[in-house]
Amino acid sequence: MKLSNNAILQILHELTPENPKFQVINAKKIESAANSVDRYRLLLSDGDYLYSHVMLAAQLNRFMESNEITNYAVIEVTKYMCNKLAGDKRVIIILDLKVLASGADVGEKIGNPTVINPSEIPPLSSIKEDVPEQKVSLPTSKPLATNNHFGKFGGSNPENNNQKLSKPSTPSTPSSRVHSIASLTPYQNRWRIRARVTFKSNIRTWSNSKGEGKLFNVNLIDESGEIRCTGFNEQLDKFYDMLEVNKVYYFSKCSLKTANKQYSTLKCDYEMTMNAETIIEPCNDGADLPSLTFEFVKISELDKFKPNSNVDIVGIVKVCNDVSSVVSKQTQKEIVKRDLQLVDQSGVAVNLTLWGDDATKFDGQGFPVIAVKGARVSDFNGRSLSVSGSSQLIVNPGIPEAFTLRGWFENEGRDHHFSTFQGDGGSGAGHSPNYKTFIQVKNENLGQGEKADYYTAKGTVMFIKKDNCMYQACPTADCNKKLVDQGNGHYRCEKCNREFPNYKWRMILNANVADHTDNQWITCFQESAEALLGIPADDLGEMREKDESQFDRVINEALFKNYLFKLRAKVETYNDESRLKTVCMAANPVNYIDYGNLLLERLSQLGI
DNA sequence: CCCCCCCC
């Protein structure tokens, strides 16, 4: 196996031998800081010289990880560059390669190469006497250039110029090696990243006491992480049109500053601002870079997130409300909004609000899947979501999670009754449920104390009392007072001291639920009663008036279903008689993973 | 240098 003799020395002197063949004598993994990508450093031989300041581009790590390259392997380097570091040290970066022979096949060091001391690179005149495989015209006397421009070299062979060595994607600017986004800090400014644009904002203008202007941001991603980059005024004019979502660019010479976490949904500690020096150039071979990534959260788990935090969410738009408008309390401006009800396989529904253009342009036909990166969590109605200015809304994204959701929805999700975070108390601390069996509730005297006891029980609906399970309630929001029928088509609310021509149906449903240990009578108010019966109270009330047999059918169909009941137990005294009253706070679908784990825990407590 | 993202 013939190596490209002296090619290392040539490269260190800014010559560009084509497709040089080297032997990898040794390799060392450089563990990176958290979130960054590990890199490999190679000890490379050209048969005459050994050089240790050689790095493998991160996208070639697979050659090391798959053991395609082991010690003594011979490689052909089809793309490379030589960068100058502080102290005039030179680093060869291998950008692309082919493995010509495995380390096992070669089995030994070829030739007797001399080690090059990186701080004392021998002059080109010290090229060893054997015939180089690559014919390279050498400049007669060329000092070590201070320009580390890849592909630029002595003038004696212009025809051999960079069309062979610099691929179209290689930027024409002087550059150091490609850095990872995760490695950027404000304390270094000689860096260059190769990154995909995952988001480009609209152009926004501002005007305040400090002045006015326009700006935009892009979000950038590489293997190591994400960062936001903002362009103001002149930079906006220069780069806005050029930057396209999903395309890959080289970025260098942006200002870095600590990201204000209050406004940033990305996990990066820093963010970039374009300045007059900034260079952005397209990169045509960025296929190896990741696209937008999500860390999806199940809707049922939203109560584990604090209000004002951001989450990635994907769900089916089960309900798409019409646009409406609200007046901002702060700006007094009217804003268009649209509320969606989002559901997923976790069996919980949550409201998601779209604003402005997102709201007006949204088409809810056909139960689309939507993904939101960085949706804002609020505790309205237990938990709600909002697509904020820094969120990204993607309708029918081409991601596996979307296809899975679609399949689930078409098969079963469509007919599922979804629970909500309403009735969970809203504070949503996300405590692990206090699971009890009904016999435990009795044995432990739950609800007998001063304060109510809350517990969660998995139970089956055994019986529902249909008499007096609903009433005509005051139509005023938040007033659920039972109305007095005046007999003249009007209904009187004693609480509001008003008469109404209309009413809303409210439910108080008494049901008996059982587990394998005992049974328990529970009272379900509106939301949990609707959850058990699978129908809105207003529909049920109308149904009962029109056709009582249909109403009976709804009640019967609700029997023998299993739920995870969130219950509140408290003794109440009425007419000198005290009895335990159990109110259902929520009837949620059983999560059989959680429930299975609960059973495992109970089994282990039996000590069998 | 923005950073408001609203309401119920």
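Worth knowing before you read on, the calculation uses all heavy atoms, side chains too, and leaves out hydrogens, waters and symmetry mates. Every chain is numbered from 1 and lettered A, B, ... according to where its sequence line falls, protein lines coming before strand lines.
Side-chain atoms of Asp322(A) and Ser324(A) form no donor-acceptor pair, as typed in the model, at a separation below 3.5 Å.
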Practice task
Given side chain to side chain donor-acceptor pair (under 3.5 Å), test Asp339(A) with Thr353(A) step by step and report yes or no.
Solution key: CA-CA 4 Å; Asp339(A) 284 323; Thr353(A) 306; 2.7 Å; yes

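One finds a side-chain N or O of Trp206(A) lying less than 4.0 angstrom from the OP1 or OP2 phosphate oxygen of dC2(B). Taking 4.0 angstrom as the limit, Ser388(A) places none of its side-chain polar atoms (N or O) nearer than this to OP1 or OP2 of dC4(B).
Taking atom CG of residue Leu215(A) and atom C1' of nucleotide dC3(B), one finds them 9 Å apart after rounding to whole Å. Rounded to whole Å, the distance from CG on Asp339(A) to P on dC8(B) is 12 Å. In this structure, CD of Glu212(A) is placed 17 Å from C1' of dC4(B), rounded to the nearest angstrom. When rounded to the nearest whole Å, the span between CZ of Arg204(A) and P of dC3(B) equals 5 Å. When the P atom of dC7(B) is taken as reference, atom CZ of Arg338(A) falls 20 Å away, rounded to whole Å. Distance, Met272(A) CE to dC2(B) P: 19 Å, rounded to whole Å. Counting to the nearest Å, the P atom of dC5(B) and the CG atom of Asn202(A) are 17 Å from each other. In this structure, CD1 of Ile203(A) is placed 20 Å from P of dC4(B), rounded to the nearest angstrom.
In terms of polar N and O atoms assigned as donor or acceptor, the side chain of Lys210(A) never comes within less than 3.5 Å of the base of dC1(B) in a complementary pairing. In terms of polar N and O atoms assigned as donor or acceptor, the side chain of Arg376(A) never comes within less than 3.5 Å of the base of dC6(B) in a complementary pairing.
Heavy atoms from other residues, nucleotides or ligands lying under 6.0 Å from NZ of Lys570(A) number more than 12.
Judged by a 6.0 Å distance limit and a 45° cone about the ring axis, Arg506(A) is not positioned over the six-membered ring of Tyr471(A). Within the cation-pi definition used here (under 6.0 Å to the ring centroid, within 45° of the axis), Lys581(A) does not qualify as a partner of Trp521(A).
If you check every strand for non-hydrogen atoms under 4.0 Å, Lys329(A) touches sugar and phosphate atoms only. Residue Glu271(A) is classed as a base contact, given a heavy-atom separation below 4.0 Å to a base. Within the nucleic acid shown, Lys257(A) comes within 4.0 Å of at least one base atom, counting heavy atoms only. Base engagement by Thr353(A) is indicated by at least one non-hydrogen atom pair under 4.0 Å involving a base atom.
Taking the ring centroids of Trp355(A) and Phe362(A), they lie at or beyond the 6.0 Å cut-off.
Within residues 310-323 of chain A, no residue has a heavy atom under 4.0 Å from DNA chain B.
Between Phe251(A) and Tyr249(A), the two ring planes are perpendicular [angle over 60°; tilted spans 30° to 60°].
When the nucleotides dC7(B), dC2(B), dC8(B) are ranked by their closest atom to the side chain of Phe380(A), dC8(B) comes out on top.
Tyr563(A) pairs by the ring-ring contact (aromatic ring centres under 6.0 Å, His included) definition with Phe565(A), not counting sequence neighbours.
The stacking criteria are not both satisfied for Trp355(A) over the base of dC6(B), which would need a centre-to-centre distance under 5.5 angstrom and an angle between ring planes under 30 degrees.
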